[in-house]
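Accompanying notes for the structure given below.
Computed from heavy atoms alone, side chains included, the values below leave out hydrogens, waters and symmetry copies.
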Amino acid sequence: VVQLAESGGGSVQAGGSLRLSCDSSGHTYRTYCMAWFRQVPGKDREAVAAIWTGGGNTYYSDSVKGRFTISQVAPRMAIQLQMDGLKPEDTATYFCASEGGFACVLNGEIAAARAFGNWGRGTQVIVSE
């Protein structure tokens with residue numbers, strides 16, 4: 001059973017930085033897409049960034065491109081999300097997700113949440129003005 005656990009959320013003022021971490025266990029595929037999603041109440045879970053462990057390819061949503069950086073903590077199946085230049089609209093619960101044998105992208109964009117079978121419980125990020 002794959003288990004994912006996020007850490008590193010918190011409160012920060014606009015323009016500040018946070019780093020989220022996701023540790024995992026139980027992976028059996030040789031490669032995975034590991035990703036960060038975020039969700040605010042009443043809205044669908046939104047893809048933020050993804051990384052394919054097979055080649056290190058990274059992908060970002062337009063809303064975070066240039067501000068957030070996803071990386072793998074090799075050789076572990078663990079990832080981080082460095083968030084710089086945070087904005088109040090980045091406030092959300094951030095979830096770590098993974099799916100085996102999957103290269104992250106569908107139709108040129110990070111795949112939707114329903115494509116991922118493994119999820120953490122989430123960590124909250126609050127960005128104030």
Side-chain angles (χ1 to χ4, degrees):
V1 176
V2 174
Q3 293 185 315
L4 304 173
E6 305 93 339
S7 62
S11 297
V12 65
Q13 287 191 318
S17 299
L18 283 173
R19 178 180 293 178
L20 305 182
S21 296
C22 174
D23 282 316
S24 68
S25 62
H27 286 104
T28 57
Y29 282 81
R30 196 174 64 160
T31 62
Y32 280 81
C33 176
M34 298 192 73
W36 289 99
F37 283 76
R38 66 187 181 188
Q39 190 172 27
V40 297
K43 292 195 174 181
D44 291 337
R45 204 163 285 191
E46 170 196 22
V48 172
I51 184 166
W52 178 53
T53 66
N57 308 62
T58 58
Y59 308 93
Y60 298 93
S61 68
D62 288 342
S63 61
V64 306
K65 201 170 294 182
R67 300 188 296 123
F68 290 11
T69 304
I70 188 171
S71 59
Q72 183 182 2
V73 184
R76 292 157 43 206
M77 201 65 75
I79 59 173
Q80 293 183 329
L81 185 69
Q82 177 66 39
M83 305 187 294
D84 299 318
L86 282 161
K87 304 175 181 180
E89 52 263 44
D90 294 318
T91 296
T93 299
Y94 283 70
F95 296 88
C96 179
S98 74
E99 183 61 36
F102 170 54
C104 299
V105 177
L106 291 174
N107 298 321
E109 295 182 345
I110 301 172
R114 62 180 176 272
F116 292 81
N118 308 309
W119 291 90
R121 293 189 172 189
T123 185
Q124 191 167 27
V125 171
I126 298 173
V127 184
S128 57
E129 296 279 1

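The CD1 atom of Ile110 sits 11.0 Å away from the CD1 atom of Ile51 when rounded to the nearest 0.5 Å. Rounding to the nearest 0.5 Å gives a distance of 11.0 Å between CZ of Arg19 and OG of Ser7. Between the CG atom of Leu81 and the OG atom of Ser21 there is a distance of 9.5 Å, given to the nearest 0.5 Å. Residue Leu4 holds its CG atom at 9.5 Å from CG of Asp23, rounded to the nearest 0.5 Å. Separation of atoms OG1 (Thr58) and CE (Met34) is listed at 14.5 Å; rounding is to 0.5 Å.
By the side-chain contact (heavy atoms from CB on, under 4.5 Å) test, Ala111 pairs with Phe102, Leu106, Ala115, Phe116, sequence neighbours left out. With sequence neighbours excluded, no residue satisfies side-chain contact (heavy atoms from CB on, under 4.5 Å) with Glu109. Asn118 meets the side chain to side chain donor-acceptor pair (under 3.5 Å) test with Ser98; sequence neighbours excluded. With sequence neighbours left out, the side-chain contact (heavy atoms from CB on, under 4.5 Å) criterion links Thr69 to Tyr60, Gln82. In this structure, Asp84 has no salt bridge (charged side-chain N to carboxylate O under 4.0 Å, His left out) partners at least two apart in sequence or on a different chain. Remark: Ala113 pairs with Phe37, Arg45, Trp119 by the side-chain contact (heavy atoms from CB on, under 4.5 Å) rule, at least two apart or across chains. Residues that satisfy the side chain to side chain donor-acceptor pair (under 3.5 Å) test with Asn57, not counting sequence neighbours, are absent from this structure.
Minimum interatomic distance between Met77 and Thr53 (heavy atoms only, all atoms of both residues): SD-CG2, 3.5 Å.
Here Asp62 pairs with Lys65 in a salt bridge; the nearest charged N to carboxylate O distance falls below 4.0 Å.
A ring-ring contact (aromatic ring centres under 6.0 Å, His included) check over residues 15-36, counting only residues at least two apart or in different chains, returns the pairs His27-Tyr32, Tyr29-Tyr32. Judged as a ring-ring contact (aromatic ring centres under 6.0 Å, His included), not a single pair has a partner in residues 81-101 (not counting sequence neighbours). Residue pairs satisfying the ring-ring contact (aromatic ring centres under 6.0 Å, His included) criterion with at least one member in residues 64-88, sequence neighbours excluded, are absent. Pairs passing the disulfide bond (SG atoms under 2.5 Å apart) check and including a residue from residues 45-129, sequence neighbours excluded, read Cys22-Cys96, Cys33-Cys104.
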Inset, instruction - Could you give me the CA-CA distance, side-chain angles and deciding distance for Ile79 and Val73, then say whether side-chain contact (heavy atoms from CB on, under 4.5 Å) is met? - result: CA-CA 5 Å; Ile79 59 173; Val73 184; over 6 Å; no
Inset, instruction - Applying side-chain contact (heavy atoms from CB on, under 4.5 Å), run through Arg38 and Ser63 and close with a yes or a no. - result: CA-CA 12 Å; Arg38 66 187 181 188; Ser63 61; 3.4 Å; yes
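No option in Met83, Glu6, Gln80 other than Met83 meets the side-chain contact (heavy atoms from CB on, under 4.5 Å) test with Leu20.
Judged by distance alone, with hydrogens and angles left aside, the side-chain atoms of Gln3 form no donor-acceptor pair with the main-chain N or O of Ser24 at under 3.5 Å. For Arg67 (side chain) and Gly85 (main-chain N/O), a donor-acceptor pair under 3.5 Å exists by modelled atom type.
A 4.5 Å side-chain heavy-atom check between Asp44 and Gln39 finds every atom pair outside the cut-off.
Note on Val64: it clusters hydrophobically with Ile70, by side-chain heavy-atom contacts below 4.5 Å among ILVMFWY residues.
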List the atom pairs, with distances to 0.1 Å, where a side-chain N or O of residues 122-129 and a protein N or O form a donor-acceptor pair under 3.5 Å, not counting sequence neighbours.
from, atom 1, to, atom 2, distance (Å)
Thr123, OG1, Gly9, N, 3.2

